[in-house]
Amino acid sequence: MSLSNIKVAIVEDNGMARINLRNHLMGMGFSEIGCFSNGRELKAHAKLRRVDLLLMDYHLGQNKNGVEVVQELQEQGLLKNSTSIIFITSDRLPMIVGQIVDVHPDALVIKPYTIRSIEKNISACLNFHHYLMPVFKLMDNDEFTPALDHLHYMLERNSRPRMRSQMVKLQARLLIKVKRFKEAASVYSDVLRGSDKIIWAKWGLIQSLYLDGQIQQSEDMLLELTNTQLTSDKAREWLARICIGNNHYAQAEDHINNIREGEMSVSAARLKAYIFQAQERNSEAIQLLEKKRESNRGIRERFDELSLDLARCYLQEAEGKNANERDKTLQVAKFLIGSAGRKNLDQKLVIKRDFLYAAAAVMAGNLDKASEILHREGMDDMDSSDIMQMTDAISAWKGIGNDVKASEILAMCKARLEQIEDGNEATVANMIVVKREETIGERRPEAMSLNKTGLEHYVKHDYQKATQDFYQAYLLFPREVAFSLNLLQSLVESGEAKYQSLNTAQFLKELSRRQMTPNNLKRLEEIGKKVERAPSKFPL
């Protein structure tokens, strides 16, 4: 393995540290070394040539941190599985270390480092990738089953015992990739039998159990991890995501509220904002994102993204108003869209903004303007779009009456969801996609039909069948308050303390946090009184 042929990228915002690291690498024998101060520069470089070894600093000044950069480039296919990634940071905070571990780097080097330690880590990473290059190349081509078979063969040969631990870790990740969750759980369990202190194995086991449908066991493990500083916040986020998957937004909020706001990651803040929105509490979502946006004013890329998130909240608020009452809200949304990217001429960001401008034009009733924006150059290319941009596109195309185009993009969204690695972002994206699916109308007719059948059974006092139908309608359209109230009332009338994933008393608590019309609120209060009169029948 000739070091002179290995293409290296250094990302470090401190100029002197960048030069020193480059000099160390040149002394080792590397010759093709690219140096960058932020993720944007690395991204431009990675579009033109491959990166074999990436040395990534965590803190990158007034730019996205190293973890965010790596996640973005991996999602866009600009960083391959065959790329060796070494993180370098002076930060020992559990929250930071946890974020770094999540992107599965080959090594983590703590500053101040010695030349010997950096050389040792680089050598170990390159040797591992060189030995497993046939496996990584298959992974680069999304051939995960052949990659797993080849890795299994290499593990059986056991020609490099010192690499076995890393190979087992990769094996478990591949098993999850090919949806062999029980086998992945078995691998992680074997690792933990050797030592129950290995955090990556605990997270892997929890993920495997959850994906295998063993929800309660994964929740029990997560609750245990909330008791230690290193794992508490991540465990809380994960528990919130599980609750969201069951439409238990009040419980999700309780979990996320245990994370201190100042220590909340941007992805966790987005998650919390969408929990508020799912409960029709848009003003609280706006307040949270405004705080997060202001605290990230110095980090331009993140500030831009949060500006667009806030604009989406205001567009949702406008959607809930009468057409003649939307002007002020739409003005705020357009101001926020315009404030994103004022110092950034990236064409991708321009297109993101244009989709939101088109959606705002639809809300304002200016369909000609929306159509003009949507037919601009580059607006038809969805290949490199993220989920948020695609869902904005769905709203805009649906708004000008092109249901076919909206449905095509929705199908692309669903396929793209599986590629998102970050759990919080995946959950938020899924919530948005489901909402757009409701907007297009692919779920609502079926939910309405089930609700109607449920009402027919309910008036005949056949509460068992009524509950079945109401529950299916609720799953299809959880944001519709009437479906939720029908289900709750049927559960209470039949004396059901629990049905499927729902606890009746907890469901009542859930609905009490949602904004409702006066009539629906009165109905909820009447149902609540019946539950209060029979606390032993409806325990939390």
Side-chain angles (χ1 to χ4, degrees), residues 215-216 219-220 222-223 226 236 239-259 272-285 287-288 320 431 447-448 450-540:
I215 311 298
Q216 189 58 57
E219 282 189 277
D220 291 343
L222 285 167
L223 286 168
T226 60
R236 293 288 183 190
L239 286 164
R241 296 198 299 266
I242 290 174
C243 291
I244 290 168
N246 293 322
N247 296 319
H248 297 164
Y249 299 110
Q251 287 176 269
E253 184 184 345
D254 289 341
H255 284 303
I256 213 86
N257 280 342
N258 281 287
I259 303 172
K272 187 173 183 179
Y274 280 98
I275 289 170
F276 285 142
Q277 286 189 310
Q279 299 176 87
E280 313 296 335
R281 292 156 60 193
N282 203 50
S283 59
E284 290 174 76
Q287 187 179 23
L288 172 64
M431 291 167 75
M448 291 285 287
L450 285 163
N451 186 64
K452 181 181 177 182
T453 308
L455 288 169
E456 290 170 359
H457 290 306
Y458 184 85
V459 296
K460 295 175 183 176
H461 304 292
D462 189 346
Y463 299 124
Q464 184 177 1
K465 288 183 179 178
T467 298
Q468 289 174 359
D469 290 329
F470 289 144
Y471 182 70
Q472 292 304 317
Y474 162 75
L475 290 180
L476 283 167
F477 218 95
R479 292 175 60 244
E480 179 59 64
V481 172
F483 297 164
S484 298
L485 287 174
N486 288 345
L487 174 57
L488 179 63
Q489 187 153 10
S490 187
L491 288 169
V492 173
E493 292 295 339
S494 61
E496 291 276 359
K498 189 173 182 181
Y499 183 82
Q500 301 286 4
S501 64
L502 285 180
N503 173 292
T504 301
Q506 185 65 50
F507 191 38
L508 171 64
K509 180 182 175 184
E510 173 91 36
L511 294 180
S512 68
R513 296 194 189 181
R514 292 181 62 176
Q515 290 186 354
M516 298 183 186
T517 63
N519 285 340
N520 281 335
L521 189 58
K522 183 179 178 181
R523 185 180 168 195
L524 180 66
E525 289 172 353
E526 290 172 355
I527 298 171
K529 288 175 182 176
K530 291 184 178 181
V531 173
E532 288 175 9
R533 287 196 290 268
S536 59
K537 188 182 288 187
F538 301 106
L540 275 171

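Everything numeric here is computed off the predicted structure, so don't read it as measured data.
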**Fill in**
Separation between CG (Leu521) and CD (Gln515), nearest 0.5 Å, reads 10.5 Å

**Item:** Heavy-atom closest pair, residues Arg513 and Ala250
**Value:** NH1-O, 3.3 Å

**Message:** Using side chain to side chain contact (heavy atoms under 4.5 Å, CB included), reason through Phe276 and Asn282 one step at a time and then give a plain yes or no.
**Reply:** CA-CA 6 Å; Phe276 285 142; Asn282 203 50; over 6 Å; no

**Request:** Evaluate side chain to side chain contact (heavy atoms under 4.5 Å, CB included) for Asp254 paired with Lys509, printing each intermediate quantity in order.
**Result:** CA-CA 12 Å; Asp254 289 341; Lys509 180 182 175 184; 3.6 Å; yes

**Message:** To check you understand the geometry: which heavy-atom pair defines the closest contact between Ala466 and Ser490, and what is its length?
**Reply:** CB-OG, 3.8 Å

**Message:** Quick check for you: to the nearest 0.5 Å, what is the distance between Asn258 atom CG and Arg236 atom CZ?
**Reply:** 4.0 Å

**Request:** Please round to the nearest 0.5 Å and tell me the distance separating atom NE2 of His457 and atom CD of Gln464.
**Result:** 10.5 Å

**Message:** Nearest 0.5 angstrom please: Ile275 CD1 to Arg241 CZ, how far?
**Reply:** 10.5 Å

**Message:** Heavy-atom count check: over 12 atoms from other residues, nucleotides or ligands less than 6.0 Å from Met516 CE?
**Reply:** yes

**Message:** Let's go through His248 and Leu502 carefully: what are the C-alpha distance in whole Å and the side-chain angles of both, what is the deciding distance for side chain to side chain contact (heavy atoms under 4.5 Å, CB included) to 0.1 Å, and is it a yes or a no?
**Reply:** CA-CA 8 Å; His248 297 164; Leu502 285 180; 3.4 Å; yes

**Evaluation steps, side chain to side chain contact (heavy atoms under 4.5 Å, CB included), between Leu508 and Leu524** = CA-CA 8 Å; Leu508 171 64; Leu524 180 66; 3.6 Å; yes

**Item:** Closest non-hydrogen atom pair, Pro478 against Ser484
**Value:** O-OG, 3.6 Å

**Complete:** When every non-hydrogen atom of Asn503 is compared with those of Pro539, the smallest separation belongs to ND2-O, 3.2 Å

**Message:** Using 0.5 Å steps for rounding, measure from the NZ atom of Lys537 to the CD atom of Glu496.
**Reply:** 10.5 Å

**Asked** Under the side chain to side chain donor-acceptor pair (under 3.5 Å) rule, what pairs show up with a residue in residues 518-528, not counting sequence neighbours?
**Response** Asn486-Arg523, Gln489-Arg523, Thr517-Asn520

**Short side-chain to backbone donor-acceptor contact, Glu280 and Arg514, under 3.5 Å** = no

**Fill in**
Distance col, row Asn451:CG vs Phe483:CZ, nearest 0.5 angstrom, shows 4.5 Å

**Message:** With ring pair (Phe, Tyr, Trp, His ring centres under 6.0 Å) as the rule and sequence neighbours excluded, what pairs involving residues 515-540 come up?
**Reply:** none

**Heavy-atom check, side chain of Lys272 versus side chain of Asn257, under 4.5 Å** = yes

**Prompt:** Salt bridge check: are Lys465 and Glu456 linked by an N-O gap of less than 4.0 Å?
**Reply:** no

**Asked** Taking side chain as C-beta onward, heavy atoms only, is Phe507 less than 4.5 Å from Leu487?
**Response** yes

**Minimum heavy-atom distance Thr467-Leu491, with the two atoms named** = CG2-CD2, 3.7 Å

**Asked** Could Arg281 and Glu253 be called an ion pair, given the rule that one side-chain N must be under 4.0 Å from one carboxylate O?
**Response** yes

Could you tabulate the donor-acceptor pairs under 3.5 Å formed by side-chain atoms of residues 468-477, not counting sequence neighbours?
{"residue": "Tyr471", "atom": "OH", "partner": "Ser501", "partner atom": "OG", "Å": "3.3"}
{"residue": "Tyr474", "atom": "OH", "partner": "Asn247", "partner atom": "O", "Å": "3.3"}

